[in-house]
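By convention in this document, chain letters (A, B, ...) are assigned in the order of the sequence lines, proteins followed by strands, and residues within each chain are numbered from 1. Nothing here was measured: the structure is a model prediction, and the numbers come from that model.
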Amino acid sequence: MIPLGSCTMKLNATSEMIPVGWEEFSNIHPYAPYDQTAGYKILINDLEVKLSKITGYSAISLQPNAGSQGEYAGLLAIDAFHRSNGDQQRKICLIPESAHGTNPASAQMAGMKVVPISCDKKGNIDLEDLSEKASQHSNELAAIMITYPSTHGVFETTVTDVCKIIHDHGGKVYIDGANLNAMVGLCKPGEFGGDVSHLNLHKTFCIPHGGGGPGVGPIGVVKDLAPHLPSDPLKYEPPSKNVGPVSATNFGSASILPISWMYIQMMGASGLRKATQVAILSANYIAQKLSPHFKILYTGKNGLIAHECIIDIRPLKELCGVEVDDIAKRLIDFGFHAPTMSFPVPGTLMIEPTESESLAELDRFIEAMICIRHEITQVEDGTYSIEESPLRNAPHCAEKVISDDWQQKYSRSVAAYPVDLKGRNKYWPPIGRVDNVYGDKNLMCSCPSMSDYQEES
Amino acid sequence: MIPLGSCTMKLNATSEMIPVGWEEFSNIHPYAPYDQTAGYKILINDLEVKLSKITGYSAISLQPNAGSQGEYAGLLAIDAFHRSNGDQQRKICLIPESAHGTNPASAQMAGMKVVPISCDKKGNIDLEDLSEKASQHSNELAAIMITYPSTHGVFETTVTDVCKIIHDHGGKVYIDGANLNAMVGLCKPGEFGGDVSHLNLHKTFCIPHGGGGPGVGPIGVVKDLAPHLPSDPLKYEPPSKNVGPVSATNFGSASILPISWMYIQMMGASGLRKATQVAILSANYIAQKLSPHFKILYTGKNGLIAHECIIDIRPLKELCGVEVDDIAKRLIDFGFHAPTMSFPVPGTLMIEPTESESLAELDRFIEAMICIRHEITQVEDGTYSIEESPLRNAPHCAEKVISDDWQQKYSRSVAAYPVDLKGRNKYWPPIGRVDNVYGDKNLMCSCPSMSDYQEES
Amino acid sequence: MENFDSFALRHIGLSQTDIDLLLDQLGYKDLEEFSKSVLPKNIFIKEKLGLSDAMSEEEALKVLKEISKENVVYRSFIGQGYYGTVTPKVILRNVFENPGWYTSYTPYQAEISQGRLEALINFQTMVGDLTGFEIANASLLDEATAAAESMTLAHRVGKSKSQRFFIDQNCFPQTISVVTARAKPIGIEVMVGDPKQLTDLKEETYFGALLQYPGNDGAVIDFSQEIVSMHAQNGLVIMATDLLALTLLKSPGEMGADIAIGSSQRFGVPLGFGGPHAAFMATKEKYKRSLPGRLVGASIDEDGRTAYRLALQTREQHIRREKATSNICTAQALLAIMAGFYAAYHGPAGLKQIAQSVRSKATALAKGINELGYDLKSSSFFDTVTIHTESETQEIFSTAQDQLMNLRILDANHISISMDETTTDQEIENITKLFKDLSKKRKGCFKLRAANRYHKII
Amino acid sequence: MENFDSFALRHIGLSQTDIDLLLDQLGYKDLEEFSKSVLPKNIFIKEKLGLSDAMSEEEALKVLKEISKENVVYRSFIGQGYYGTVTPKVILRNVFENPGWYTSYTPYQAEISQGRLEALINFQTMVGDLTGFEIANASLLDEATAAAESMTLAHRVGKSKSQRFFIDQNCFPQTISVVTARAKPIGIEVMVGDPKQLTDLKEETYFGALLQYPGNDGAVIDFSQEIVSMHAQNGLVIMATDLLALTLLKSPGEMGADIAIGSSQRFGVPLGFGGPHAAFMATKEKYKRSLPGRLVGASIDEDGRTAYRLALQTREQHIRREKATSNICTAQALLAIMAGFYAAYHGPAGLKQIAQSVRSKATALAKGINELGYDLKSSSFFDTVTIHTESETQEIFSTAQDQLMNLRILDANHISISMDETTTDQEIENITKLFKDLSKKRKGCFKLRAANRYHKII
Ligand SMILES: Cc1ncc(COP(=O)(O)O)c(C=O)c1O
Ligand SMILES: Cc1ncc(COP(=O)(O)O)c(C=O)c1O
């Protein structure tokens with residue numbers, strides 16, 4: 001399990017991946033004459049229709065190559081809309097504090113001015129602050145960028161109010177669709193108040209992460225904004241009023257669209273809906289199981305969370321010095337990838353299981369977290385200091401655990417086999433904890449030269 | 001490196017493997033009408049021509065599904081030849097002691113009577129014994145089955161004499177082609193005296209081993225025997241004098257023939273020859289490097305070996321009780337697959353590097369073997385007994401090395417990191433030494449039932 | 001081709017510098033001199049092999065692609081032991097196309113082969129479960145040779161002194177050919193005939209009998225009677241069978257047979273013009289030590305952990321040598337693993353559903369054709385429908401070919417059509433229509449032979 | 001489709017029993033009730049999504065295969081930043097088709113991502129070496145956006161107070177479009193023109209200039225002069241370039257440029273109708289902390305072992321937020337890894353040989369066409385030949401299309417033809433013949449404009 005909140009690691013089924021390699025998709029030049037690419041047009045149109053039905057938006061552009069580019073394209077569309085209405089002064093973009101870093105960065109690039117909105121104690125957008133800022137900037141209000149369900153992992157009940165406030169002041173609502181996987185089949189951003197959203201096909205629609213890309217970040221827009229989608233880069237004439245292109249080719253990373261198409265086609269409406277429900281169910285199961293041990297930072301209606309759950313490490317840090325990093329690295333010893341760290345709230349972990357995890361895997365993760373909590377208690381107890389703890393010394397690579405002068409206060413088996421693996425393979429990290437500060441101070445960003453290798457041997 | 005003598009683990013290049021999955025090869029029924037399978041016919045004919053040029057035989061049958069089936073088919077061809085000459089009494093098959101077990105087994109199945117031939121002290125066929133047996137059975141002599149280069153890893157200089165003796169007595173020479181990879185481009189069994197050979201395409205011609213199959217064991221025969229190749233199973237009428245089919249379809253495991261075809265096509269004549277030369281060169285390099293430490297059992301002309309090298313563990317066993325198994329299992333701790341054990345000589349290891357190993361890998365293997373030899377010396381020295389040694393306790397799985405009560409006389413790092421891995425990944429066996437006797441006594445050959453799993457958890 | 005892309009340079013692990021270094025260490029000038037020192041002079045060839053020049057990887061693939069295109073992929077309804085199947089893509093990519101599975105060696109070194117061994121024991125268990133036997137081996141080369149091996153097994157372990165072996169005439173022809181050919185050199189006399197003969201046997205007539213279930217013509221027959229009477233005269237019964245059919249039918253084990261053999265091809269392994277596929281052999285506990293081929297078993301490691309490994313290795317033929325009764329060594333591990341994974345992928349319920357759907361396709365086809373007035377050879381079948389086509393046989397076959405479909409001419413008067421996992425409703429319709437069009441062409445009324453009209457099948 | 005093959009059942013990890021168990025634990029009756037408790041009522045949709053029914057894996061693949069067949073694969077000589085390339089099969093199977101590479105997450109957790117990080121630093125090193133810079137990032141989204149990012153980088157780090165940016169008119173049109181569009185909202189004024197203008201500039205005219213090398217029309221021009229004069233007025237120079245060409249040409253770094261950008265597509269990554277491919281950006285050491293995107297660096301672990309990890313993470317935009325100047329987050333790691341492996345697979349000498357062969361193909365083509373009397377736009381090129389086709393432009397283009405070849409209409413009077421690794425001699429012949437046939441059709445004698453006749457090229 002790679003339980004990355006916000007980053008949604010979906011299963012990448014082989015049948016989804018296979019068509020990417022077909023010559024009819026892989027061997028087409030992006031500027032090949034129109035009549036040679038009819039297959040792509042069918043695929044793209046159909047995928048647009050599918051995404052449009054899922055999101056409730058009336059038009060889709062598949063041009064953006066990543067979520068961040070989608071955000072940028074979406075804001076350009078909003079800006080162009082205002083300009084086309086003669087409202088060139090609308091340049092203020094409200095963004096809640098908890099937003100993903102790409103949101104303000106995109107607003108910046110789109111020439112907007114970012115005004116932050118605060119969150120209340122429950123993690124929800126502070127409606128009062130919002131109303132105030134919206135009124136204050138009523139005439140310059142271009143947009144708000146919110147994430148739904150929120151980056152706090154909650155379906156805010158006030159979302160329609162938020163949208164209404166913005167609309168009342170002439171602004172547009174950008175809903176960051178990175179969390180769309182918690183909405184598919186249950187609600188549609190294009191229907192409950194959003195004017196634009198980008199989707200991360202590399203999250204919700206199964207394009208693999210590839211170790212940091214590729215991605216596809218299409219945007220959906222309501223009717224008003226449809227004329228302002230990105231232009232074809234080969235047809236764009238600079239003095240035009242159109243939004244320019246945001247990427248070099250009209251359909252961005254076209255050759256990986258079959259992945260999302262296959263996923264939707266094979267799941268069907270009811271499969272997609274069920275996937276969403278199960279993802280939320282699993283997240284709530286984890287939250288319930290962990291809540292006696294960790295503080296669940298935010299919950300929504302009925303004490304439930306959406307598809308991800310933030311656990312707060314700050315109180316524990318205060319108690320005994322344990323860092324988010326300690327938990328993340330200790331999880332490696334259990335064979336887990338760490339959850340998302342310190343986003344959206346510093347000092348927290350955000351856990352998202354996705355619908356594809358089995359119950360056994362969920363339980364294994366819960367077991368690991370509880371075991372780690374127990375180790376934290378031992379630090380509190382004084383059994384060992386945080387520096388002496390298996391937490392701070394994690395991950396434990398084999399060479400270290402085996403070394404003949406083991407000097408830790410805990411045993412080697414605690415280090416390497418903190419829980420019974422029940423026959424499962426043990427994962428061994430190839431190195432121990434990385435020293436980031438050292439690396440940033442001595443920045444070395446290319447391979448060691450041949451002579452360095454020679455010296456070594 | 002998987003240094004398996006006789007079993008030749010060749011590199012399986014991806015380009016060789018890809019065509020196997022092509023629908024035009026994979027989706028053809030074996031009994032599809034002739035005119036639908038023209039592509040297969042071209043492939044098969046061309047591969048037959050290629051193999052024929054490589055081996056010097058005038059006809060090839062690709063029907064046998066494995067080397068053993070090839071042996072059987074080859075002996076049937078010899079038998080049919082004798083019968084067609086009215087020599088139905090020719091049923092004696094001479095087989096040297098060092099032969100692979102499939103040889104006598106195949107002879108048995110072909111209705112022949114096996115008469116063993118002894119080897120001299122240098123491991124070569126004892127020409128005297130051979131002449132004697134050949135004369136003695138002159139009238140009943142059907143064939144001899146030899147392996148070339150011999151299973152002792154030597155190019156016997158007397159091979160042409162052996163063939164001549166057999167031919168003089170009216171017998172045919174079966175040359176087991178499992179070692180053909182030491183001959184390709186340098187000599188041809190069909191030219192220097194062989195009448196039939198099977199080839200293991202899954203050794204010499206890069207079909208992967210698949211964990212114990214599939215294989216392809218075609219036979220090549222001289223002109224005399226060509227009429228006696230296996231029949232098409234759909235055309236065989238039992239009362240006929242023809243050799244029957246040896247497998248269910250006329251071209252056996254047809255869909256993996258592209259692998260060997262690709263290999264030959266991409267190597268070309270000079271590439272193939274060079275591969276053979278480099279394989280022999282690497283084997284001799286290993287032999288030279290190991291000879292100060294281990295006894296190289298047999299060498300040929302100029303003290304050189306062929307493509308594999310047998311090292312004798314028996315003297316060491318006598319000295320200190322070390323078993324072949326101990327070395328094989330200890331090699332796992334170094335990240336190596338064991339060489340072939342106790343074949344053809346009990347108490348020995350047979351090492352074959354193949355041409356694809358890099359020099360670094362050869363050296364790494366040599367280093368491991370020398371390090372093991374040193375550990376054996378420590379047993380001789382009395383540093384520890386064989387039972388206490390890292391040899392007998394190998395392989396060391398992680399759980400064992402890490403366990404809190406390490407009680408061995410050697411250190412944990414000696415157990416798990418006997419040599420510096422220089423950044424290479426450490427391979428960890430999932431289990432320790434298997435108890436074969438226990439398993440054979442309590443034979444359990446199906447998966448544990450569900451209830452067993454339940455009990456465990 | 002340009003030498004920067006020479007495959008040989010990549011395939012051969014030593015660079016020219018390395019080669020020179022090694023030659024130097026061994027005291028030779030060059031590879032030629034070295035080779036001549038290794039090989040006897042009188043066998044050293046003088047000329048280069050007359051092969052075509054080396055091609056780059058891309059070139060060779062291009063040429064082979066052209067060759068492959070000379071094959072024409074028709075839809076196959078031939079059956080006869082080879083059926084269309086869907087390889088689950090996850091198995092395709094992660095097993096069939098994965099060097100981690102395909103490159104590895106026979107798992108003699110159990111400690112580093114637990115995954116492979118577990119996959120093989122999964123295959124054995126699956127075969128055992130479906131055939132109704134306690135024990136199955138880790139694959140044989142193909143169904144026909146498995147049949148031949150089972151004959152010698154029966155010969156070996158049976159108590160009969162007879163040298164005669166009976167073969168059901170309703171076995172696949174390739175099986176009959178291979179078994180017959182295998183019997184000859186070892187002095188076994190083979191009789192091919194109707195299994196009904198078996199119900200009335202004298203003492204020790206046959207040491208064994210091979211029956212096929214479902215038969216070559218698709219018929220599913222209960223052989224309980226024949227088995228009882230074979231046993232009565234000390235003979236053993238081998239059933240050649242189909243794993244998919246067995247998810248629905250009474251198993252050979254339940255029926256009282258002694259050995260079951262067959263192919264696991266249709267469990268996700270492509271047709272491949274005949275192979276490779278994994279054949280299986282299953283039998284009773286008491287014969288386990290006589291089973292040919294490899295057998296994976298569970299044992300324990302030194303610390304008592306469950307550990308899989310090849311069982312009874314001392315029994316392997318390289319030790320038994322001339323006392324060996326089978327020469328099988330390399331088998332079909334990779335394909336057995338795929339078939340085992342196919343079963344695990346679908347699970348027992350999934351396999352059964354596939355079988356049911358295959359059976360209903362056959363039923364639908366049979367019904368459609370039967371209603372046109374064609375009689376069926378048997379009304380009890382699993383996937384294969386055999387039709388009395390008499391004088392029309394050749395015409396039906398050819399018409400189907402024109403539509404890129406391969407039917408099977410069973411004999412001059414019969415056509416067989418096999419359904420499988422990949423058959424679509426459209427195809428059933430197309431075949432039925434083909435018969436319909438022909439029957440319209442036939443003047444006169446339909447001959448409805450009531451006796452053989454389609455009725456309930458198993 | 002039959003539900004035993006339902007993809008959703010496989011994709012969703014919990015069985016119905018598991019779901020019921022979890023619901024029970026949380027105190028809900030069923031998934032519907034549960035969902036309604038999670039979501040605000042007023043946004044909960046009433047109707048099912050109007051999507052087509054679920055298809056099985058096989059069915060969906062079949063439908064998509066049909067769709068894909070509507071694309072027609074012509075041989076492409078279009079170039080314009082996208083070139084035919086051979087993905088080494090070993091990279092195809094073991095990287096591109098291997099979930100171990102494609103599924104994994106951004107390597108924030110360095111301790112479990114050393115392989116991926118090493119592969120990315122390999123990419124960075126390769127880019128740095130070829131462009132002649134000390135530092136390169138771990139990929140950007142495409143060449144055009146990389147150009148846009150480099151503009152803002154120059155804006156940020158440069159000392160000029162100018163808000164004007166110069167773009168070489170001989171940049172790819174898509175690059176000009178994207179950079180221009182990106183400049184607008186942030187108040188940068190863009191000038192597109194002939195770089196010759198740059199040799200005579202007033203103070204602080206442009207804070208930066210983007211030059212393309214080789215150019216859109218294929219011309220290879222030495223920009224040393226322009227660079228000197230840009231620097232003289234405090235401006236920075238960005239060169240959009242081609243990695244394969246750089247194995248033969250003077251690098252941007254050597255020429256004195258400040259930043260290089262481009263695409264690594266032709267290093268083994270298929271065309272894919274435009275993407276995904278990894279773009280790159282390389283620059284001088286001193287700008288390293290301003291480089292957009294991810295940067296892999298070497299550090300050490302607690303025991304002093306070399307350890308790779310994403311460098312300068314505190315610089316990442318999720319920390320800088322509204323102070324950020326680039327929003328790039330997800331990049332093109334997998335494709336960068338493939339391109340880096342492609343370079344490692346061929347090695348420096350191999351890459352150079354590929355480049356030489358591409359260049360000699362272009363030379364051969366240019367010579368052939370030129371000898372027919374067609375003038376070349378530039379005689380100094382790497383892979384792309386631009387021909388004065390004037391009134392014949394459209395006809396040549398269409399005739400090529402008839403032969404399943406895509407040439408490029410550069411403008412009304414010019415055709416460009418790009419050679420690549422996959423171009424064969426036969427194809428060069430075919431193209432030449434096409435021009436020959438046309439020139440024969442033209443009545444009258446050839447106009448031989450001596451000035452522009454083919455002569456020595458770089
Ligand atoms: C909430 C949110 N918004 C936007 C993004 C940006 O998407 P991308 O990484 O594809 O640019 C992400 C993911 O990183 C995200 O989690
Ligand atoms: C010398 C020799 N002969 C024959 C064989 C039998 O080949 P196969 O395993 O393909 O049946 C082998 C390999 O196992 C062998 O090494």
request  = Go through the atoms of D:F77 and report whether side chain, backbone, both or neither lie under 4.5 Å from a heavy atom of chain A.
outcome  = neither
inquiry  = Using heavy-atom distances under 4.5 Å, tell me whether D:K65 contacts chain A through its side chain, its backbone, both, or neither.
reply    = both
ask   = Can you name the closest pair of heavy atoms from A:L443 and D:A311 and give their distance?
value = CD1-CB, 3.5 Å
task = For chain D, find which of A:L11, A:V437, A:I2, A:L4 contributes the most heavy-atom pairs closer than 4.5 angstrom.
result = A:L4
task = Kindly give the heavy-atom pair with the smallest separation between D:L14 and A:E357, and that separation in Å.
result = CD2-O, 3.6 Å
request  = Check D:L64 against A:P258 and note the closest heavy-atom contact, atom names and distance.
outcome  = CD2-CB, 3.8 Å
query = Between D:V296 and chain A, which part of the residue has a heavy atom less than 4.5 Å away: side chain, backbone, both or neither?
reply = backbone
Distance-minimising heavy-atom pair for A:P430 and D:E111 = CD-O, 3.2 Å
request  = Starting at CG of D:L26, measure out to CD of A:Q288 and round the result to the nearest 0.5 Å.
outcome  = 4.5 Å
request  = Report the option among A:P245, A:G271, A:P149 that has the most heavy-atom pairs separated by less than 4.5 Å from atoms of chain D.
outcome  = A:P245
inquiry  = Would you say CG of A:D35 has more than 12 non-hydrogen atoms from neighbouring residues, nucleotides or ligands within 6.0 angstrom?
reply    = yes
query = What part of D:R116 is in contact with chain A, defined as an atom under 4.5 angstrom from a non-hydrogen atom: side chain, backbone, both or neither?
reply = side chain
inquiry  = So which residue, A:F192, A:W22, A:Y263, A:Y72, ends up with the most heavy-atom pairs under 4.5 Å with chain D?
reply    = A:W22
task = Let me know if D:P107 has heavy atoms under 4.5 Å from chain A in its side chain, its backbone, both or neither.
result = both
key: chain A contact via D:Q401 - which portion, at a heavy-atom distance below 4.5 Å   = side chain
key: chain A contact via D:Q114 - which portion, at a heavy-atom distance below 4.5 Å   = side chain
remark   = Greatest number of non-hydrogen atom pairs under 4.5 angstrom with chain D, of A:K188, A:E156, A:E191, A:E361, falls to A:K188
request  = Please determine, among A:K41, A:K289, A:M341, A:E24, the option with the most heavy-atom pairs under 4.5 Å with chain D.
outcome  = A:E24
query = Is it the backbone or the side chain of D:Y83 that comes under 4.5 Å from a heavy atom of chain A, or both, or neither?
reply = neither
key: Contact class of D:T145 relative to chain A, heavy atoms under 4.5 angstrom   = side chain
